[in-house]
Amino acid sequence: MKKSADLLAKNGESSPGASVQKALGLKSLFRYERTRRQALATGFVVPDPARCVQCGICSYNCPIGIDIRRHAWLNKPIKDSHCLSCGECVARCPRGVLRFERTNLFNEDIFPSVRSKVNTTESGLV
Amino acid sequence: MRRYILIGSGAAGIAAAEAIRSQDPGGEILMVSEDPLGYYSRPGLAFLLTGELPEKLLYPFREEDFKKRLNITWLHARVKQIDPQHHQVLLENRAPLVFDRLLIATGASAVHMDVPGSDLAGVVKLDSLTDARQILKMASHTRSAVVIGGGITALELVEGLTAHKVKVHYFLRGDRYWNNVLDETEARIVEQEMIEHGVKIHYRTETVEVLGSRGRVAGVRTKDGEVVPCEMVAVAIGVRARTELAKASGLVVEKGVMVNEYLNVRIAPDQVVPDIFAAGDVAQAFDPLTGKSVLDTLWKPARDQGSIAGLNMVGVRSPYRKTPPFNVTRLAGLTTTIIGMVGSGRDDDLVGIARGDSETWRQLPDALAAQTDFDVNRLRILVGQDTLLGAIVMGDQTLSHSLQRLISDRVDITPIRESLLAPGAPLGDIIVDYWTQWIEKARERTKPLMRVQ
């Protein structure tokens, strides 16, 4: 969250409409959390084996003990039905091996309304 | 029944065993390793040092992987020599072994620092789990240490020792960290992080002597005559291919063991040995694109070469195709991807460098990145005449996958070249837009009926 705070400060300094932008910046703080939650809820973890050096941090940090490292070695997505998609492995991997991919079960954008709102807010910021 | 002997138990050796087993369920695979601890993740040693990982997690395979899945027989022994003519491997203190196919995957080891006192107790390196254990054991009663070297391993040592509350003096030969890969800003980001953790960086400092007292390290004397007292000296000044065995066996060796496109070793510059292969850090593989033989000291080429060698050992002829250099590492807590050429511009094709440290690519609508809590996000792209030559992505990795493909597939970027190099260009948007178009076209080309999502 430090990031967003920095961004806020930066915007406040550099532009005349500082207060407006500050408010938007504050919104973006929540937006980030929302996108993150959304990614977690609608995605599953996919490895990029070319990046993996089998250090085991992912497996070690999985709260339910899935051997994620093995999935990365074998280039298999973590579609284990027990996966909580909590994102611990993705966040902790020191080499960015793991990422969330949308399951896209319904072949559609699940949160189109949220998305369009988010994008307008963002364009006001940059 | 064929007997395959694999010398070395690193990434290349294991990948070879898997490839062999995938094609030959009945053959005998014998893995001869000097490391008593077998196959573990060497890159993971850095996280063992920082305490992020317990030792038992360093072992990616379980017992049954070796016994049942791969059916490998282990032998802890040192190979003295290979006799290519008689298909024999001569071992230290053991009877010779006969092989049908042999793989040399002895890897690389840390370069020894050649100064007086460098063999004192307390001078350490980070090569193996044994080294890491020794460092951890010493760290608890070490107040200060000197770390020497300018690359990734040196930084890992700095981080590992700092995590154990050891006061670290970090010696750099030049003006900044890793100056042949990182640009000034990138280097300063890493250095700043070290300084915040209490590391004292000594720029333009070279070690001329390790000072000892009663056989143990007591300090370091620099070229300028300064003496830095310490109880440990950790050295990471590069690695060298372990070619001693190949040399002793009469194989052709330059910086590494010379191999052809199929990873066969040579007994004379124009004579390959059909049954003996080399792969991984020890192998100097031929790159048909440049016509040169090159050494790689990275995990991915080691695994790729191991697999290719394994296939060739079984008899499935497969050439090794080198891919552009690609490495991911964590520098000062930032995931950093280094793709292709990024060093100090030796390439004549380089048109310009596009840099970005903006927030923009984090806001891309489809970026499902959960790894986003970095304080710094930086991007540097080396733009060539028609293609991207290299890139460094620090922090958020959303763009690194697309950049990797654009670079390794030598995608024509002339339509976006100008906009990339324009001052203040929104690099993230440009790359993602172009990448999306390209990948959709690529999908249409390969699978015309597939639905593009």
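Naming convention: chains lettered A, B, ... in sequence-line order (proteins, then strands); numbering from 1 in each chain.
- The aromatic rings of B:Tyr39 and A:Trp73 sit tilted, their planes meeting at an angle between 30° and 60°.
- Residues A:Pro94 and B:Phe47 share a closest heavy-atom pair of CG-CZ, 3.3 Å.
- Looking at B:Thr337, the atoms closer than 4.5 Å to chain A (heavy atoms on both sides) all sit in the side chain, from C-beta outward.
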Mind running side chain to side chain contact (heavy atoms under 4.5 Å, CB included) on B:His401 and A:Arg51 for me, showing each step along the way? CA-CA 10 Å; B:His401 179 70; A:Arg51 292 168 166 263; 5.6 Å; no
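- When heavy atoms are compared at a cutoff of 4.5 Å, B:Leu331 does not approach chain A at all.
- Across every non-hydrogen atom of A:Pro49 and B:Arg303, the tightest pair is CB-NH1, 4.5 Å.
- Within the 4.5 Å cutoff, side-chain heavy atoms of A:Arg70 are placed close to those of B:Asp65.
- Neither the backbone nor the side chain of B:Asp304 comes within contact range of chain A; no heavy atoms are under 4.5 Å apart.
- Of the atoms belonging to B:Phe326, it is side-chain heavy atoms, and not backbone ones, that fall under 4.5 Å from chain A.
- The OG1 atom of B:Thr336 sits 10.5 Å away from atom CZ of A:Arg95, with the distance rounded to the nearest 0.5 Å.
- Going from atom CZ of A:Arg99 over to atom OG of B:Ser400 covers 9.5 Å, rounded to the nearest 0.5 Å.
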Kindly determine whether A:Tyr60 and B:Glu52 satisfy side chain to side chain contact (heavy atoms under 4.5 Å, CB included), including the steps that lead there. CA-CA 9 Å; A:Tyr60 180 53; B:Glu52 284 164 88; over 6 Å; no
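- A distance of 7.0 Å separates OG in B:Ser41 from CZ in A:Arg69, rounded to the nearest 0.5 Å.
- Considering all non-hydrogen atoms of both residues, B:Thr335 and A:Cys93 come closest at OG1-O, 4.2 Å.
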Any chance you could lay out the side chain to side chain contact (heavy atoms under 4.5 Å, CB included) test for A:Asp48 and B:Gln397, step after step, and finish with the verdict? CA-CA 12 Å; A:Asp48 175 4; B:Gln397 293 295 308; over 6 Å; no
